[in-house]
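Letters A, B, ... mirror the listed sequences (proteins, then strands); counts begin at 1.
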Number of protein chains: 2
Amino acid sequence: MMDDSSCSEYLPETHETLSSWGHNLQQFNSQDSPFVLPLIPTNSCYFPTWPQEFSASRSHSEAEKRRRDRINAQLSTLRKLIPTSEKMDKAGLLRSVVEHVKDLKERAKETSTVLNTPSDIDEVIIEEEDESSNNNNILVKVSFSCDDRPELFSELNRGLKNLKLTTIEANITSLGGRIKCIFSLQSIKVVCTTHSLKHSLRVLLARIATSPSTSNFRIKSKRQRFFLLAS
Amino acid sequence: MMDDSSCSEYLPETHETLSSWGHNLQQFNSQDSPFVLPLIPTNSCYFPTWPQEFSASRSHSEAEKRRRDRINAQLSTLRKLIPTSEKMDKAGLLRSVVEHVKDLKERAKETSTVLNTPSDIDEVIIEEEDESSNNNNILVKVSFSCDDRPELFSELNRGLKNLKLTTIEANITSLGGRIKCIFSLQSIKVVCTTHSLKHSLRVLLARIATSPSTSNFRIKSKRQRFFLLAS
DNA sequence: GAGAACACGTGATCC
DNA sequence: TGGATCACGTGTTCT
């Protein structure tokens with residue numbers, strides 16, 4: 001990587017390169033005051049160790065320049081993402097970035113509380129509904145979020161069928177590569193206990209949520225969605 | 001603001017303050033190499049101009065420190081907003097901020113296209129519907145977004161009543177301090193022409209959108225929402 | 001020691 | 001002009 005930092009190449013080829021090698025060197029240039037000889041600071045570079053020191057210093061400053069460039073590159077893409085931040089300084093730009101992230105997070109949260117928006121984390125919520133009112137049936141309400149894929153729905157139906165469950169009501173929302181299903185499911189009590197039913201459902205849904213897609217379907221947004229809407 | 005940069009106060013009180021005044025000065029400290037006298041660079045500070053130069057340099061470095069601190073403060077609040085960015089360097093943190101802003105914007109856009117979500121910019125869209133099928137009536141569909149406030153709805157009703165408009169269908173969504181109304185409105189042709197009706201509607205809605213709240217209602221989020229969902 | 005990351009003071013530039 | 005902002009090279013620290 002730093003193959004051009006060898007001792008034989010420590011001399012700058014052009015004035016431009018030289019002038020970019022530090023104002024401290026320029027500051028002591030004898031042209032500025034011919035009667036004042038530059039003194040070498042104790043732990044700085046004098047002749048016998050110049051090449052090494054010089055190339056070390058050069059690689060240091062070059063690495064630092066690369067680091068600055070990486071940071072500034074991200075800052076300029078951020079500037080493109082935030083309207084009205086054209087002529088802001090760095091601190092101002094970052095301040096409005098903070099505002100926007102907060103704002104967008106809050107709006108995502110508001111939207112998800114009002115509407116049936118898929119959450120960013122896989123979740124399975126199972127609650128049984130007024131068991132006392134009906135002696136023969138178990139009625140459970142299931143809320144289920146995971147990554148969406150084409151086979152998911154048929155797998156879900158097959159699994160529910162295997163568990164001898166009847167779908168009373170279903171509300172399915174697919175948004176941004178995520179899916180959220182809210183089911184009202186019914187089971188005959190003699191088939192299984194409420195406890196075992198819940199357990200079977202949980203296993204089924206966990207398997208469906210974590211199993212990879214068997215089709216060559218590519219999820220729309222591969223970016224990791226790790227904003228927890230609840231936070 | 002810089003009242004402590006006067007010439008009479010250019011001497012540091014403590015070693016801590018001194019040590020923060022630049023490594024160049026320390027580097028030429030006679031303790032380091034007693035036989036090498038520090039030479040003064042041409043345009044640097046020597047005695048007659050020391051106080052001025054010294055305080056100028058000091059205010060410069062202090063201003064620069066304040067600037068760095070402002071930037072770093074924003075960076076650390078950003079770090080709190082982005083999970084899993086605890087141990088990232090600055091460039092990495094900014095890269096994931098870019099990712100998140102892109103992601104959140106895309107999700108806001110997805111949500112708004114699927115659902116009747118209020119847009120961030122005030123907008124009035126009026127289109128007439130199949131005028132030919134009904135000779136006596138003008139049927140217009142109105143989409144309208146603006147800041148929400150308690151009096152808005154009654155103002156809207158009063159305005160529509162004044163225009164002799166009948167509401168056939170209405171879909172109102174209020175979310176995050178913004179409101180979006182979709183109306184299907186009907187008018188008798190003899191009352192006015194389609195053109196003048198559209199004009200009157202546009203004036204009415206523009207007035208309602210821009211008029212300040214007469215109640216002491218405070219909008220929930222005072223942050224300016226200038227993300228254009230369409231972009 | 002080599003490399004990466006940070007804070008610092010400084011010259012340049014723009015109002 | 002002085003105040004603010006930026007890029008730069010450097011000292012320091014951690015791994």
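Partners of A:R207 by salt bridge (Lys or Arg N to Asp or Glu O under 4.0 Å), not counting sequence neighbours: none found. For A:K141, there are no salt bridge (Lys or Arg N to Asp or Glu O under 4.0 Å) partners, not counting sequence neighbours.
Residues B:E127 and B:K198 are not paired through a salt bridge, judged by the lack of any N-O separation under 4.0 Å between the basic side chain and the carboxylate.
Between B:S57 and C:dT10 there is a side-chain N or O to OP1 or OP2 distance below 4.0 Å. Close to C:dA4, at under 4.0 Å from its OP1 or OP2, lies no side-chain N or O of A:R70.
Between the P atom of D:dC6 and the CG atom of A:N72 lies a distance of 9 Å, rounded to the nearest Å. Between A:R66 atom CZ and C:dA2 atom P the separation is 16 Å, expressed in whole Å. Distance, B:K90 NZ to C:dA4 P: 17 Å, rounded to whole Å. Spacing between atom NZ of B:K87 and atom C1' of D:dT15 amounts to 12 Å, rounded to whole angstrom units. Between the CD atom of A:E62 and the C1' atom of D:dC8 there is a distance of 13 Å, rounded to whole Å. Between the P atom of C:dT13 and the CG atom of A:D89 lies a distance of 20 Å, rounded to the nearest Å. Remark: P of C:dA5 and CZ of B:R95 are 11 Å apart, rounded to the nearest angstrom. Spacing between atom CZ of B:R67 and atom P of C:dC8 amounts to 13 Å, rounded to whole angstrom units.
Nearest-nucleotide positions on DNA chain C for A:I71 and B:E64 put A:I71 closer to the 5' end.
If you check C:dC6, C:dT10, D:dA7 against the side chain of A:R68, the one that comes closest is D:dA7. The side chain of B:K65 approaches C:dC8 more closely than any other nucleotide in the set D:dG11, C:dC8, C:dT10.
With hydrogens and angles ignored, a donor-acceptor pair closer than 3.5 Å exists between the side chain of A:H60 and the base of D:dG11.
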